[in-house]
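Worksheet for the structure shown next.
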Amino acid sequence: MLKPIASLSCDLDDKWTYMKSYGLALGTPLPSYLGAIVPRLLDFLKKRDLTITVFIVGQDAALDHNMEVLRSISDMGHEIGNHSFHHDPWLHLYSDTQIEREIAEADEHIERATGQKPVGFRGPGYSVSIATLRMLARRGYLYDATTLPTFLNPLARAYFLMTAKLGGEESRRREGLFGSFTDGFRPVKPYQWRLDDLKLIEIPVTTMPIVKLPFHVSYILYLAGFSRALALQYFRMALDLCRLTGTEPSLLLHPLDFLGCEDVQDLSFFPGMKLPFQKKIEVVAEVIDLFCQAFTVLTMREHAHRQANRADLPVIELAPSTGSSDAKIFDSPAVGMRASSDTRFERR
Ligand SMILES: [Zn+2]
């Protein structure tokens with residue numbers, strides 16, 4: 001029987017990106033674990049004959065000492081995506097000019113380091129705005145992969161702010177981190193944004209259909225910290241729900257999924273970072289093997305191409321351009337996500 005398709009990606013967040021989100025001092029050179037994690041990731045994928053999408057941060061691609069390790073990802077045939085230049089999770093607060101610089105500079109350095117020109121973008125911290133989507137479409141991007149449709153976003157943010165212990169201004173910048181409650185109303189299945197006369201495919205980070213609970217690998221590892229059996233049962237349920245609802249899932253990996261508490265001591269405050277590497281990798285292997293048994297796993301670019309060729313792809317029309325301040329409109333699903341008459345995501 002022909003298996004349904006799915007996609008797999010990894011946000012190559014380096015150590016400094018986590019420290020930056022938590023408002024910690026970075027110093028120079030930027031704290032990094034890329035040299036340790038990338039070979040582990042590539043080896044893991046090679047053993048399973050998997051080709052995925054790796055979203056790279058422009059700042060990492062701009063550093064000469066990262067060239068070799070980043071090129072090795074591309075050399076193995078993986079797709080390279082753009083994960084912004086500075087990995088600022090408050091990208092949605094930026095002006096059009098700042099957003100363009102973030103995307104353009106990352107594009108330039110990523111292409112120089114990996115030889116690939118990205119056609120896919122994932123904003124840091126699931127931060128998305130109309131201004132960013134428009135800029136991507138204008139620059140000829142095929143897809144965006146930033147949205148995380150879940151109702152748990154405010155809870156994730158509350159947990160983050162509680163553990164990060166940041167001051168007033170720093171906390172305010174992170175108000176949009178992980179998105180808002182209304183993100184839960186966004187579709188789980190892929191769709192197309194139409195912005196003025198521009199088009200862009202959206203491949204959401206898939207959450208459990210109907211209940212919209214996250215099931216990316218880091219979340220499963222977090223649950224495995226309580227009970228491994230329950231975490232795997234939860235993941236199986238998510239895959240079953242995807243199959244039942246005809247959802248082609250896009251699953252997300254993070255570098256921390258390949259690092260144990262013995263590898264990085266100073267990120268122990270992060271969910272799932274109290275487990276040793278061996279314990280984590282066993283869960284990651286089981287999760288990915290289950291995923292591959294149920295679906296034919298593609299890169300996100302291939303996943304997006306398949307969507308682009310679908311005649312029945314749902315369409316969401318965004319309000320005409322009014323400058324970057326329209327990021328706010330986007331927060332209201334009733335106004336910002338005005339669906340065109342051929343939108344079918346709610347009825348399917
Ligand atoms: Zn990231």
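The analysis underlying the following values was restricted to heavy atoms, covering all of them including side chains, and did not include hydrogens, waters or symmetry mates. For ligands, and for the atoms within them, numbers begin at 1 and follow the listed sequence.
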Any protein N, O or S atom under 2.8 Å from the Zn ion (ligand 1)? Found Asp13 OD1, Asp13 OD2, His83 NE2, His87 NE2
Geometric cation-pi criterion, Arg48 with Phe44: 6.0 Å, 45°
yes
Over 60° means perpendicular and under 30° means parallel, so classify the ring planes of Phe85 and His109, tilted if in between.
tilted
Who pairs with Asp13 by side chain to side chain donor-acceptor pair (under 3.5 Å), at least two apart in sequence or on another chain?
His83, His87
Within 6.0 Å of CZ in Arg306, more than 12 heavy atoms from elsewhere
no
Which class fits the ring pair Phe226 and Tyr222: parallel under 30°, tilted 30 to 60°, perpendicular over 60°?
perpendicular
Quiz question: by atom type and distance under 3.5 Å, do the side chains of Ser129 and His92 form a donor-acceptor pair?
no
